[in-house]
Structure formats: structure tokens, C-alpha cells
Amino acid sequence: SYPFDVEAIRADFPILDRKVGGDVETPGEGPEDDTPLCYLDNAATSHTPEQVVETISDYYRGYNANVHRGIHQLSQEASVAYEKAHDTVADFIGASGREEIVFTKNTTESENLVAYAWGLNELGPDDSVVMTEMEHHASLVTWQQIAKKTGAEVRYIRVDEQGYLDMDHAAELIDDSTAMVSVVHVSNTLGTVTPVAELADMAHDHGAYIFVDGAQSAPTRPVDVQEMDADFFAFSGHKMCGPTGIGTLYGKEAILEEMSPYLYGGDMIRRVTYDDSTWEDLPWKFEAGTPSIAQGIAFAAAVDYLEDIGMDAVQAHEELLAEYAYDRLAEFDDVTVYGPPGDDRGGLVAFNLDSVHAHDLSSIVNEYGVAIRAGDHCTQPLHDKLGAAASARASFYIYNTREEVDRLIDALEGARDLFA
Ligand SMILES: Cc1ncc(COP(=O)(O)O)c(CN[C@@H]2CONC2=O)c1O
């Protein structure tokens, strides 16, 4: 049994009825497209339910217009919907209001916004930025490069053998020189869940900010940014039933108020003269130019869709599938699974089959209709630490089932027989 009616959810995703195996030039239409799809790459991107797809087409068909400035009815309708979408996202993560919700392109842009608009101005040679060894490149490379530009020092909290964060090491690294602690909430490679509230306390005890990368947590579990006391929190719509091209940077209002803009242009200004300019209120100060209007409205529809299921139920489903996959992989004596035990991780499992390179494994299981990820998952330093050039990764979402995990295991057995 599952925490909710998975079959009813699957009915909202026609793509799950796709057959694969044919010519990629003609998606889903070729005569060889005869193998039912088994999609297990949700940490990369999730699918989009009909309700969200319809929201996008309803917008373009019914009230497409530019926002914020127009006086005519369509512009007012689009502006209300786009601005209210910020309220929906604010409620979803426990923010105090739309002033704390900046719509960006994705998590990556959210990280860069803070690194450039705050980091470049505030960091210097006496400062340190503390991250973990399991950061995604969206934060690791961003803060690494900003630190180079500003002379700040970068420090990495150790991840132990089991994939847990070494909190004693965190306490050593986070000190009075620390200006920013930037950490992943749920690792997209290990599935490790980081104790972000504890890290926030450590950061605040030393007068530092904490930036939580919520790309893999916001879609898969309840998030309350005030409870964790995050100063910044970032996530992407496309990983949580939303379209690509839309993400969120949450920031505490007082901090965003102080920060200078990231991108300049229209919509983010209040008054412009030849000499200088003043800025719009939050969050519009950080949304320059014509925004991704349809995507923003659809992002809110995706939040509504998930809230209907309930994030506790989403988390429970993720965890049962991750544990099941972990246990089934443990049946192999030539499989290495990375990260904490199956009953203490987010909804993904990265692994290697000893005799088969992850890329070969991924392409073979693809022959069985199974879609998983192979590569470094944008965590190359972590893979160096693991001693793995690459890993295969299965990641689950609300529409996946145990039978689909079984299909993965059957495909792995097929791959092993091929290479045996
Ligand atoms: C932990 C984490 N942080 C940041 C990002 C960046 O998100 P955007 O690409 O939306 O900016 C990702 C994306 N996850 C990658 C994308 O593909 N496979 C993954 O695991 C991620 O998993």
C-alpha cells in the first residue's frame, strides 16, 4: 500500500503511458516504441501533470499579457495571477509573504543571485564560506568562484563513510570568520538529509547567513523556512511537477531589503533619471525584465497539486520507495550503494554495478525502458571522494511504484548477465 492512490496520480501524467525503444527523432511514434516507460530520473526533473499543463495553455489562450505595468484588463489579470503565484509559493515553504519570494529561472540562478548581489559586495579576504563536500555544482562552483573573486576562504564540511555530515567538523569550520554557510538540504547523490536547523544555529551563533539548497527537499518533503531559520532557500519548479524555467529564491525580507539588485532593467526600478535610479519594492526589485509569466503561474498550480496530496504523504512515498530500492540493490553482492541506510535518506539511490561502467549500465537499462541517470550528478568533487568516476542513480516521485523498482532490478540483472 501507499500513502495515497498512486494509480489515480498516474492518470494525471499521460507521459507515463509512453512506449520507448524506438527512434529518438520521432518521439513515441516509431514502430519500435514498444516498451512501456519506467521513469526513475525524478531528481533530474519530474513530470508535469495535466492540471499544470492546462494552466499554461489556459494562460496563453485566455489572458496572455505583460505584467506589472499594463492598465488594460488582460495585463491586470496576468499581473494578479503572477503576483498571487508568489503568495502560493510563500505559503508552501512557510515564508511570511510574497516580499520574500523571488521567482528565478531555477535553483542555480537563485544561488548566483545571492552570490553576486550579496557575496561580491560583502565577502573579503577575512571571510570564510562554509559548504559541505556533497554540494551540487550550483552552490559549490558559485561560492568557490565568488570566493576567488573576493579573496574569501572556502571550507568544506566532511561527509563520513556512511554519507552523513560530520557535525563536529561543521562546528570546527563555522567560526567568527564565517560569513556564509551554504548547504544542500537533501543530497542529489547520497540522499543524505542535512540537519539544516542545527547548521543555521551554528551559522547565526557566528553572525553568518545560511543558504539552504532545497532543490531536492522542497519537492519531496514539508519545508518550513522559518522553522529551519534559513536566511536563503532555493528550489526549482521543474523538480516538483512544474515547468522548466521557473524557480524560487526565498530570502528573509530584512536581508533582501538590504541587498542591492542582481539584474538591472525594467520592472525592477521605481524612478530612473540620467543620473541614478531607485528600486521597486520586494520582491520585484530582483525580477528585472519580463518574467516567465506562464511558468510562474504554473509553478503555483504545481504547488497546489502537491499540497492536495500532502507533503507528508509525498515524503512517506519517497522514503518507502528509496528503502525498497536500497534493499533490493543490497541483494546484489557486486553493487555499491552510496549514502546512508535505506530507511534514512531522501527518495533516491546512487549506486554502481562493479563490473559495468555507470554510462553503460544506464544505456543497457534504457533498452529495458528504464530511465535512470548516469554520471556525476553535478557533484564531481564528491565522486572523486567516493573514488567513483560516475554513478548510476534511480530517483523516485509520487507516480512511481515498487513494481517499477522491480523493473530496474530485472534490468540490472540483464545488464550483469550481458557483462558477466
Ligand atoms: C541538490 C541540487 N541543487 C541544485 C540543483 C540545480 O537545479 P537546477 O538545475 O534546476 O538549477 C540540482 C539539480 N539536480 C540535478 C539536475 O539533473 N540531475 C540532478 O541531480 C540539485 O539536485
Side-chain angles (χ1 to χ4, degrees), residues 39-48 89 93 102-116 131-145 156-157 159 163 165 181-194 196 199 210-221 223 230 232-250 262 292 295-296 298-299 302 318 322 338-339 345-351 358-359 362 371-383 386 388 390-397:
Y39 185 81
L40 300 176
D41 192 22
N42 295 283
T45 199
S46 72
H47 286 312
T48 315
V89 172
I93 59 169
V102 178
F103 278 177
T104 59
K105 197 167 58 261
N106 49 33
T107 303
T108 303
E109 183 184 343
S110 300
E111 294 266 5
N112 279 271
L113 190 162
V114 174
Y116 277 91
M131 292 189 272
T132 75
E133 289 182 325
M134 57 186 172
E135 291 311 302
H136 183 281
H137 293 164
S139 60
L140 195 149
V141 178
T142 305
W143 290 106
Q144 173 194 78
Q145 295 306 310
Y156 297 99
I157 305 169
V159 171
L165 209 53
V181 176
S182 185
V183 295
V184 65
H185 193 178
V186 174
S187 164
N188 71 317
T189 301
L190 301 176
T192 309
V193 182
T194 301
V196 286
L199 286 164
I210 183 164
F211 190 126
V212 177
D213 169 353
Q216 298 295 346
S217 61
T220 62
R221 59 189 52 224
V223 162
F232 300 103
F233 186 89
F235 55 107
S236 303
H238 69 92
K239 296 183 193 283
M240 47 182 281
C241 297
T244 52
I246 195 78
T248 289
L249 169 70
Y250 158 80
Y262 172 49
S292 301
Q295 292 92 323
F299 191 11
E318 291 274 301
Y338 303 106
R345 59 167 55 223
L348 60 96
V349 194
F351 60 94
H359 287 118
S362 172
I372 62 172
R373 198 95 172 146
D376 56 47
H377 317 307
C378 303
T379 57
Q380 283 181 13
L382 176 64
H383 275 81
L386 296 171
S391 62
R393 183 191 65 190
S395 49
F396 314 105
Y397 211 26

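Start at 1 and go down the list; that is how both ligands and their atoms are numbered.
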Open item on the list: Hydrogens and angles aside, do Glu135 and Thr132 bring a side-chain donor and acceptor to less than 3.5 Å of each other?
Closed with: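 Indeed, the side chains of Glu135 and Thr132 share at least one donor-acceptor pair under 3.5 Å.
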Task: His238-Thr45 side chain donor-acceptor pair, cut-off 3.5 Å - done: yes
Please tabulate, one line per pair, the protein nitrogen or oxygen atoms found under 3.5 angstrom from a nitrogen or oxygen of ligand 1, with distances to 0.1 Å, or say none if there are no such pairs.
residue, atom, partner, partner atom, Å
ligand 1, 3 (N), Asp213, OD1, 3.2
ligand 1, 3 (N), Asp213, OD2, 2.6
ligand 1, 10 (O), Ser236, OG, 2.7
ligand 1, 10 (O), His238, NE2, 2.7
ligand 1, 11 (O), Thr107, N, 3.3
ligand 1, 11 (O), Thr108, N, 3.0
ligand 1, 11 (O), Thr108, OG1, 2.6
ligand 1, 14 (N), Lys239, NZ, 2.6
ligand 1, 18 (N), Arg393, NH2, 3.3
ligand 1, 20 (O), Asn188, ND2, 2.8
ligand 1, 20 (O), Arg393, NH1, 2.7
ligand 1, 20 (O), Arg393, NH2, 3.3
ligand 1, 22 (O), Gln216, NE2, 2.8

- [ ] Could you pull out the closest heavy-atom pair between Glu111 and Ser182, with the gap in Å?
- [x]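 Closest heavy-atom pair between Glu111 and Ser182: OE1-OG, 3.7 Å.
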TODO: Kindly indicate, with the supporting measurements, whether the criterion side-chain contact (heavy atoms from CB on, under 4.5 Å) is fulfilled by Val114 and Tyr262.
DONE: CA-CA 8 Å; Val114 174; Tyr262 172 49; over 6 Å; no
Open item on the list: Which label fits Phe233 and His185: parallel for a plane angle under 30°, tilted from 30 to 60°, or perpendicular past 60°?
Closed with: perpendicular
Open item on the list: As an exercise, state the distance from CG of Asp213 to OG of Ser110, rounded to the nearest 0.5 Å.
Closed with: 9.5 Å
